[in-house]
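Heads up: the structure comes next, in structure tokens.
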Amino acid sequence: MKTKTKVTTLLILSAMATSFVSCGRSEKAPEEKAPAPAKPVVMDVPSGTKAPATAPVDTIPGQTRLKVTCRCLATSQPEMLDLMPRDVRSARRDTALLGSINRGEVFVVQPGESGYVLQKSDDKLLLRFPDKIAWVMASDTK
């Protein structure tokens, strides 16, 4: 009879232990579905009419837009602009300048890039390009 009582006690204890262990656990939450993609809005514009022209979102009224005419160097600090070489080809072997380019202090601006004038100095312009704000020599723009 003693073994029967021990087995019964052991079964009761194991049932209680599993119920206590499972109390803190929660069932898996159902996975959330991704939202449905937005549908494009169709504008009902009568044929033969043009949609109104809109200015780019990042413009401020009265800002002047300039394009860079030649491949040149630009910098985030206007005093560095006077110290840099004017010709990009001669700057290719300058290790200090290459280090500044890698650190993001100096940028190579390609012809045709356009930016908005934020500030003017004697012969320098602070231009806001889509990806950077940099000082450029005024003679390199039109």
If you measure from [atom1] on [X] to [atom2] on [Y], what distance do you get to the nearest 0.5 Å?
X: Ser139; Y: Asp123; atom1: OG; atom2: CG; result: 7.5 Å
X: Lys67; Y: Glu113; atom1: NZ; atom2: CD; result: 11.0 Å
X: Leu81; Y: Arg86; atom1: CG; atom2: CZ; result: 7.5 Å

Give a yes or no on whether [X] and [Y] share a hydrophobic cluster (residues Ile, Leu, Val, Met, Phe, Trp, Tyr; joining criterion: side-chain heavy atoms under 4.5 Å apart).
X: Met80; Y: Leu127; answer: no
X: Val117; Y: Trp135; answer: no
X: Val88; Y: Leu125; answer: no
X: Phe129; Y: Ile101; answer: no

Which heavy atom of [X] sits nearest to which heavy atom of [Y], and what is that distance?
X: Val109; Y: Lys132; answer: CG2-CE, 4.4 Å
X: Gln110; Y: Val108; answer: NE2-CG1, 3.8 Å
X: Leu97; Y: Met84; answer: CD1-SD, 4.0 Å
X: Cys72; Y: Val68; answer: SG-CG1, 3.8 Å
X: Ser76; Y: Phe107; answer: N-CE1, 4.3 Å
X: Val136; Y: Ala74; answer: CG2-CB, 3.8 Å

| task | Go through the steps for Tyr116 and Arg128 under the test side-chain hydrogen bond (donor to acceptor under 3.5 Å, both in side chains), then give the verdict. | result | CA-CA 5 Å; Tyr116 293 97; Arg128 181 172 48 96; over 6 Å; no

| query | In this structure, are over 12 heavy atoms from other groups packed under 6.0 Å from Lys120 atom NZ? | reply | no

| request: Evaluate the side chain to side chain contact (heavy atoms under 4.5 Å, CB included) criterion for residues Lys124 and Met137: first the C-alpha distance (whole Å), next the side-chain angles of each, then the deciding distance (0.1 Å), finally the verdict. | output: CA-CA 4 Å; Lys124 301 173 199 132; Met137 295 302 281; 4.2 Å; yes

| request: Test Asp140 against Arg71 for salt bridge (Lys or Arg N to Asp or Glu O under 4.0 Å), laying out the working first. | output: CA-CA 8 Å; Asp140 294 335; Arg71 190 173 181 192; over 6 Å; no

